[in-house]
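So the structure is just underneath, and the comments pick up after that.
Order of the sequence lines sets the chain letters (A, B, ...), proteins ahead of strands, with each chain counted from 1.
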Amino acid sequence: MSKYVLKRLLISIITLIAIIFVLFIMLDLMPGSPFNDEKLSEAQKAILLAKYGLDKPFYVRFGKYLVNVLKGDLGVSYTINKNKAIAEMIAQPLKLSIKVGIQAMVIGSIIGLIFGIIAALNHNTWIDSLFSVVSIVGVSVPSYVFALLLALFIGYKLNLVPILYNASDPGRSLILPTIALSMFPIANISRFTRSEMIDVLNSEYILLVQAKGIKEKSMIIHHALRNTMIPIVTVMGPLLVNLLTGSMVVEKVFAIPGIGQIMSQAITNNDYNVVIACAFVYSALYIIMMLIVDILYGIIDPRIRVAKGDS
Amino acid sequence: MDEERTVIDPANVSDKDFVFVQQGVKIMDETYASVSYMKDVWNHFRKNRGAVIGLVVICLIIIMAIIGPMISGYRYDEIILTNQSLPPRIPLLEKLGIFNGSERGRNVYFERGLNDVYYWFGSDTNGRDLFTRIWMGTRVSLFIALVAVVIDIVVGMSYGLISGYFGGKVDMVMQRFAEILNGVPTLVVVTLLGLVLPQGIPSIIFTLMITGWIGMSRIARAEVLKLKENEYILASRTLGAKDFAIIFKDIMPNIFGQLIIMSMFSVPNAIFTEAFLSFVGLGIQPPQTSLGSLISDGYKSLTIHPHMIMSSIIVLALLMLSFNMLADGIRDAFDPNQKKG
């Protein structure tokens with residue numbers, strides 16, 4: 001087991017370093033410099049470039065950045081928020097983004113599980129078909145379409161909750177974004193739960209449980225659901241990733257001051273360091289999530305850990 | 001036992017003891033018409049209502065994308081400044097009181113003296129016809145989807161085939177590379193490429209090329225691993241076939257069908273990526289348009305003129321929904337034993 005975890009960890013770290021490297025190359029190719037002020041003379045520009053170390057060769061800057069990142073120092077912002085440490089700048093927004101993401105994931109998982117169980121218990125009835133339609137809509141339609149529709153109908157027409165993020169009332173402001181983001185997890189988990197549950201309910205040990213005369217409720221909770229849960233962990237990884245992409249657009253729709261907004265702000269202002277930092281944070285989140293999911297697989301299914309650990 | 005047996009004396013048996021059966025009945029073997037593989041697939045597909053609806057909707061959208069811009073009477077980039085932000089108005093339907101060009105109870109068309117002007121889906125803030133623009137945008141989305149499928153198959157399949165066939169060190173290196181590439185969130189790749197490359201369709205296609213093929217290569221690799229131990233591959237090698245001939249002539253035709261089916265799933269993904277890029281502002285630039293950029297434009301006047309965003313949202317949602325249902329249907333039709341998700 002430890003060999004398997006160690007190997008996963010190593011791959012994650014290599015991936016992260018590779019990402020930082022690629023980010024650096026890409027940002028190097030980017031048009032424009034952070035000091036595009038026409039009032040600056042050439043000499044002044046040179047001084048500014050030297051001050052931030054931008055005149056050094058590529059590999060020197062990369063090496064320096066890599067060391068700093070490992071120390072937790074993401075550098076300073078050039079334009080949006082001059083000379084402020086980025087780590088400090090994105091701490092608050094990151095918390096907000098993660099909060100929305102976790103809310104959406106938890107709500108999505110719970111509702112998805114309930115939907116899936118209901119659909120499986122009513123297999124091949126109209127209830128099942130209804131849930132199938134709901135889930136395929138949820139899987140297909142992008143989260144920002146839901147976000148826009150929710151903003152328009154519930155936020156604007158019915159005027160129940162604020163359309164745009166209101167810092168003085170974060171609880172109510174986050175209702176719509178959470179719903180919009182949870183659509184995909186709901187649809188996906190309910191689809192998966194349904195098909196797993198149908199398999200489990202047709203198995204022989206469930207027949208035995210029924211023969212023993214255990215009540216249906218306790219049969220579902222203690223016997224069927226437990227075995228259904230195992231494969232569901234496998235869809236968690238892709239779901240979390242999808243949440244990440246969705247959150248950036250949903251943040252834009254509802255004007256949530258999350259990390260997505262900082263990133264798009266930095267993009268328009270050519271603030272290299274901030275763009276790198278945001279992309280790095282996104283990548284790090286992603287890699288950590290994938291690592292956790294991979295390790296979970298290993299714990300749940302011994303076949304995976306043996307096969308992957310030995311090869 | 002033997003004592004109890006009735007013994008029939010052959011001398012007492014007469015013709016009356018026998019009865020003719022099946023007299024007047026034509027006796028023949030019952031055979032069913034043989035069903036070809038494709039017909040079997042089609043029969044399975046037809047029974048899947050969602051998939052058929054998906055196919056019909058996709059066909060309708062494709063037809064509209066082709067003829068839509070021609071029948072509207074406007075050009076997609078034609079700016080008429082006097083006709084800004086008009087709500088939808090459709091002939092005939094307006095008599096029923098819907099789509100009659102009114103917004104918040106006031107008929108905007110009559111107020112501006114545009115009695116004979118019709119914008120079926122309304123017009124945008126620059127006075128361009130949204131009907132024409134939506135179908136032009138759909139063209140872009142469909143084109144990108146098509147290219148995505150081709151890329152997915154060509155790049156993903158070749159990568160998977162080579163990696164799976166050669167195995168050993170080649171496989172190890174190629175799989176590690178794919179794993180690391182897969183470790184980079186698509187969001188980051190897409191955003192950064194959108195920044196570095198000039199904005200437009202070629203860049204979006206390039207972005208899809210970098211990120212889209214990994215899933216496909218895994219499927220191709222798994223299939224090759226199954227096939228390459230077969231005797232006919234050994235026979236081919238014994239006869240002196242080169243590695244690449246074996247890969248592309250002997251193995252590829254056997255997995256091609258399955259890969260095409262799987263590639264259907266990359267269509268909604270490609271449409272979404274384009275819409276995402278354009279919505280964030282890194283995609284198609286005006287006056288060119290796409291569904292994503294129309295949604296992005298409409299979003300700016302979401303609360304004042306909701307009609308601007310509704311039509312593009314509906315087309316995008318329908319398109320993605322239909323492609324998903326179609327892909328599901330095709331997969332189930334080709335492989336009915338597979339567990340339905």
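For A:V137, the parts lying under 4.5 angstrom from a heavy atom of chain B are both the backbone and the side chain. Contact annotation for A:I11: only side-chain heavy atoms (C-beta onward) come within less than 4.5 Å of a heavy atom of chain B. In this structure, chain B has no heavy atom under 4.5 Å from any part of A:V133. Residue B:M310 touches chain A through its side chain alone, counting heavy-atom pairs closer than 4.5 Å. Neither the backbone nor the side chain of A:F146 comes within less than 4.5 Å of any heavy atom in chain B.
In this structure, the salt bridge (Lys or Arg N to Asp or Glu O under 4.0 Å) partners of B:D297, at least two apart in sequence or on a different chain, are B:K300. Residues meeting the side-chain hydrogen bond (donor to acceptor under 3.5 Å, both in side chains) test with B:R46, sequence neighbours left out: B:N43.
The neighbour count for B:F166 CZ, taken as heavy atoms of other residues, nucleotides or ligands under 6.0 Å away, is above 12.
Among A:S143, A:S140, A:P142, the one residue that satisfies the side-chain contact (heavy atoms from CB on, under 4.5 Å) test with B:F272 is A:P142.
Looking only at distances, no side-chain donor or acceptor of B:Y299 sits under 3.5 Å from a matching main-chain atom of A:L148.
Each of A:G260, A:A151, A:A279 has some count of heavy-atom pairs under 4.5 Å with chain B, and the biggest count is that of A:A279. Counting heavy-atom pairs under 4.5 Å between each of A:L16, A:V139, A:V253 and chain B puts A:V253 at the top. When each of A:V145, A:V141, A:I136 is checked for heavy-atom pairs under 4.5 Å with chain B, A:I136 comes out on top.
The line from CZ of B:R176 to CD1 of A:I14 is 9.5 Å long, rounded to the nearest 0.5 Å.
A salt bridge (Lys or Arg N to Asp or Glu O under 4.0 Å) check over residues 132-143 of chain A, counting only residues at least two apart or in different chains, returns nothing.
Residues of residues 314-322 of chain B placed with any heavy atom under 4.5 Å of a heavy atom in chain A are listed by number as B:L316, B:A317, B:M320, B:L321.
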